[in-house]
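Okay, structure first, notes after.
Just so we're clear, the structure is a prediction, and the values are computed from it rather than from any experiment.
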Amino acid sequence: RIEVEHVISKKLQLKKKAESDLLRQFDMQVNDFMDSLIEESTSLEPAPVPAVFSPPMSDKERSKLHFRPPHGEGKLFVSRRSLLELFEVNHIRTIYHMFIALLILFILSTLVVDFIDEGLVLEFDLLVYAFGQFPLVVCTWICMFLSVLFIPYTLFYLWAQSHSGSHSHLRLYSLLFGTLFLLYQALGLGFLPTYTVVTNSFPPASCFIIILEQVRLMMKAHSFVRENVPRVLAWCKEKNVPQVSQYLYFLFAPTLIYRDKYPNPVIRWGYVVSKLLQVLGCLFYAYYVFVRLCIPQFRSISLQLFDLRAMVLCVFNSILPVLVLFLGFFAFLHCWLNAFAEMLRFADRMFYKDWWNSTSFANYYRTWNVVVHDWLYYYVYRDFLRMSQKRCRPAAMLFVFTVSAVVHEYILAICFGFFYPVLFCLFMCFGMFNFILHDKRKGPIWNIIMWTSLFLGQGVIICLYSQEWYAQRYCPLKEPSFFELLKPRSW
């Protein structure tokens with residue numbers, strides 16, 4: 001009997017070991033499959049010069065393929081596809097089909113409820129309100145774009161010409177043109193669009209279009225000047241100022257890092273149309289999420305007294321509408337940027353990385369939006385280290401967080417019409433704490449903690465900003481003081 005029990009226990013141990021080995025091998029095979037799939041997807045774009053059966057290249061020709069800045073530092077642009085192009089794989093595409101099915105259910109539920117309650121056909125009052133005053137929005141954007149196209153380039157060109165001549169007051173010219181550029185950034189591109197938005201009382205979506213474009217164009221102008229000033233200072237004999245066509249291409253290109261040239265694939269117009277249709281679908285998806293999940297809940301909560309119980313219920317009920325966050329990510333960082341990249345033959349499609357696998361907010365901030373992260377890394381973090389002679393890395397990291405948090409809060413304050421620094425506090429407090437504490441921890445439990453924190457944080461943001469929005473509408477102040485403007489009205 002003892003021998004039989006020993007044999008049974010031995011078999012059970014071998015079974016468990018076989019199961020663990022099988023799971024480990026399956027996991028390794030899946031990882032290898034995904035890695036090879038990503039590598040294959042990046043290799044589908046045509047290379048600038050064939051590596052095989054080609055004559056040997058000189059060092060000068062080889063350097064042109066790297067698409068680095070002339071001074072030898074900065075981001076390396078290569079031909080590669082976005083990670084979510086893996087939706088072309090049938091097994092992964094099922095996730096995409098699930099979201100489409102949810103959109104159909106949202107549409108059906110809205111149609112049925114509206115028909116039962118009021119006998120109405122489907123309306124889009126929220127979209128019409130959110131994108132109000134659209135002709136004025138277009139006029140404002142055109143003025144912003146034309147000013148960014150001509151003023152920074154003209155100032156840089158005149159400064160470069162003065163530097164290339166035999167002028168004896170080069171520092172004075174540099175100070176003059178640098179001051180004019182900073183005044184344009186602060187007043188012409190910083191103050192005037194904000195003043196137009198505030199005085200004309202643009203609705204939220206129209207505000208986001210102008211303010212986000214304002215920030216984007218300011219970052220573009222800074223990148224153009226920042227990348228080309230070292231070229232002018234390093235001039236010996238060749239004096240090649242970037243052409244207007246190169247600068248114009250950069251203003252439309254889906255990157256915030258200037259280069260004279262980028263990798264160029266072939267345009268697929270069917271791909272462009274499909275991505276733009278997906279952006280439109282995400283817009284209606286977000287509309288139905290707000291109509292079915294957000295507006296009824298927050299409209300009723302705003303009429304109640306603000307207490308802890310209502311606050312807790314509001315936060316947890318706001319976790320499902322966090323779906324809008326992923327819709328925004330998919331619509332802008334994947335569909336919109338890939339559509340423009342395809343139309344402009346811009347081959348480097350690494351607009352984001354696998355942020356969903358992050359085990360800390362440090363990695364999440366670096367991979368969620370690679371376009372903005374690259375700008376902050378090269379023009380804020382590295383320049384801060386260069387000026388401090390690489391002595392203050394924690395201070396540089398804190399400065400980057402502060403700049404990012406202030407700009408995010410500025411965008412929300414202008415677009416919503418009130419100051420409520422919820423996002424700023426989450427950025428600076430919890431995000432920075434997690435950045436320092438958990439950056440090197442890679443276990444699966446940390447990915448679960450990151451997702452839990454992300455859901456709760458976005459739920460807090462949606463809950464508090466929605467409550468404040470309705471409080472601003474239902475509780476107007478006749479003659480508000482400066483302190484009352486800063487104080488949340490939902491309190």
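Residues D383 and Y378 have side chains not in contact (no heavy-atom distance under 4.5 Å, counting atoms from C-beta outward). At least one side-chain heavy atom of L158 sits less than 4.5 Å from a side-chain heavy atom of F177. N369 places a side-chain heavy atom less than 4.5 Å from the side chain of L333. Y377 is not listed as a side-chain neighbour of V400, based on a closest heavy-atom distance of 4.5 Å or more. F455 is not listed as a side-chain neighbour of T452, based on a closest heavy-atom distance of 4.5 Å or more. Between L76 and V78, the closest side-chain pair of non-hydrogen atoms falls below 4.5 Å. Contact of the V148 side chain with the K220 side chain is not registered, since no non-hydrogen atoms from C-beta on lie closer than 4.5 Å. With a 4.5 Å cut-off on side-chain heavy atoms, V244 and Y153 count as touching.
One finds a salt bridge joining E342 and R268 here, because a Lys/Arg side-chain nitrogen approaches an Asp/Glu carboxylate oxygen to under 4.0 Å. Salt-bridge annotation for R231 and D260: present, with a side-chain N of the basic residue lying under 4.0 Å from a carboxylate O of the acidic one.
Atom NE2 of H373 is separated from atom CZ of R366 by 6.5 Å, given to the nearest 0.5 angstrom. The distance from atom CZ of F424 to atom OG1 of T402, rounded to the nearest 0.5 Å, is 6.0 Å. Annotation: the span from L344 atom CG to T255 atom OG1 amounts to 11.5 Å, rounded to 0.5 Å. Expressed to the nearest 0.5 Å, how far CG of L182 lies from CG of L155 amounts to 10.5 Å. If you take CG on L189 and CG on L183, they are separated by 13.0 Å, rounding to the nearest 0.5 Å. Annotation: the span from L327 atom CG to C335 atom SG amounts to 10.0 Å, rounded to 0.5 Å.
Across F416 and W469, no two heavy atoms sit closer than the pair O-CZ3, 3.6 Å. Closest of all the heavy-atom pairs between Q246 and P242 is OE1-CA, 3.4 Å. Looking at every heavy atom in both residues, V241 comes nearest to Q161 through CG2-NE2, 4.1 Å. In terms of heavy-atom proximity, A347 sits nearest to S79 at CB-OG, 3.7 Å. Minimum heavy-atom separation, F145 to L248: CZ-CD1, 3.8 Å. The shortest non-hydrogen separation linking R345 to I267 is CG-CG1, 3.3 Å.
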Full working for side-chain contact (heavy atoms from CB on, under 4.5 Å) between M450 and T359: CA-CA 6 Å; M450 195 280 297; T359 54; over 6 Å; no
Trace of the side chain to side chain donor-acceptor pair (under 3.5 Å) decision for S147 with Y184: CA-CA 9 Å; S147 69; Y184 166 72; 2.8 Å; yes
Working for side chain to side chain donor-acceptor pair (under 3.5 Å), residues Y410 and Q214: CA-CA 12 Å; Y410 159 76; Q214 174 198 44; 2.7 Å; yes
Working for side-chain contact (heavy atoms from CB on, under 4.5 Å), residues L283 and F131: CA-CA 12 Å; L283 178 63; F131 289 92; 4.0 Å; yes
Residue pair S404, L376: steps toward the side-chain contact (heavy atoms from CB on, under 4.5 Å) verdict: CA-CA 8 Å; S404 181; L376 290 172; 4.2 Å; yes
Derivation of the side-chain contact (heavy atoms from CB on, under 4.5 Å) call for L180 and I151: CA-CA 10 Å; L180 291 176; I151 295 178; over 6 Å; no
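If you look at W368 and F329, their ring centroids are closer than 6.0 Å. You'll find the ring centres of F224 and F250 outside the 6.0 Å limit. Here the two rings, on W159 and F181, have centers that are 6.0 Å apart or farther. Taking the six-membered ring wherever Trp is involved, the centroid distance between the rings of F340 and F346 does not fall below 6.0 Å.
Summarising the local packing, OH of Y195 is surrounded by 12 or fewer heavy atoms from other residues, nucleotides or ligands at distances under 6.0 Å. Within a 6.0 Å sphere centred on OH of Y465, other residues, nucleotides and ligands contribute more than 12 heavy atoms. Shown here is F134, whose CZ atom has no more than 12 heavy atoms of other residues, nucleotides or ligands within 6.0 Å.
Put simply, the side chain of T194 gets close to the backbone of G190: a donor and an acceptor are under 3.5 Å apart. Looking at Q133, its side chain does come within 3.5 Å of a backbone N or O of N200 through a donor-acceptor pair. Formation of a donor-acceptor pair under 3.5 Å by the E468 side chain with backbone atoms of F418 is not found in this model. Side-chain N or O atoms of N447 include one that pairs as donor or acceptor with a backbone N or O of S358 at under 3.5 Å. For S274 (side chain) and Y271 (main-chain N/O), a donor-acceptor pair under 3.5 Å exists by modelled atom type. Checked by atom type and distance alone, the side chain of S223 pairs as donor or acceptor with a backbone atom of L256 at under 3.5 Å. Of the possible polar contacts, one joining the Y262 side chain to the R259 backbone as a donor-acceptor pair under 3.5 Å is found. Side-chain N or O atoms of W375 include one that pairs as donor or acceptor with a backbone N or O of M219 at under 3.5 Å. Panel note: side chain T367, backbone D354; no donor-acceptor pair is recorded below 3.5 Å. For H222 (side chain) and M218 (main-chain N/O), no donor-acceptor pair under 3.5 Å exists by modelled atom type.
For the residue pair Y379 and E227, a side-chain donor N or O sits within less than 3.5 Å of a side-chain acceptor on the partner.
Applying side-chain contact (heavy atoms from CB on, under 4.5 Å) to F202 and the options I209, I210, I211 leaves one that passes, I210. Tested against H334 for a ring pair (Phe, Tyr, Trp, His ring centres under 6.0 Å), the candidates F330, F332, W336 yield a single pass: F330.
Between W355 and Y364, the two ring planes are perpendicular [angle over 60°; tilted spans 30° to 60°].
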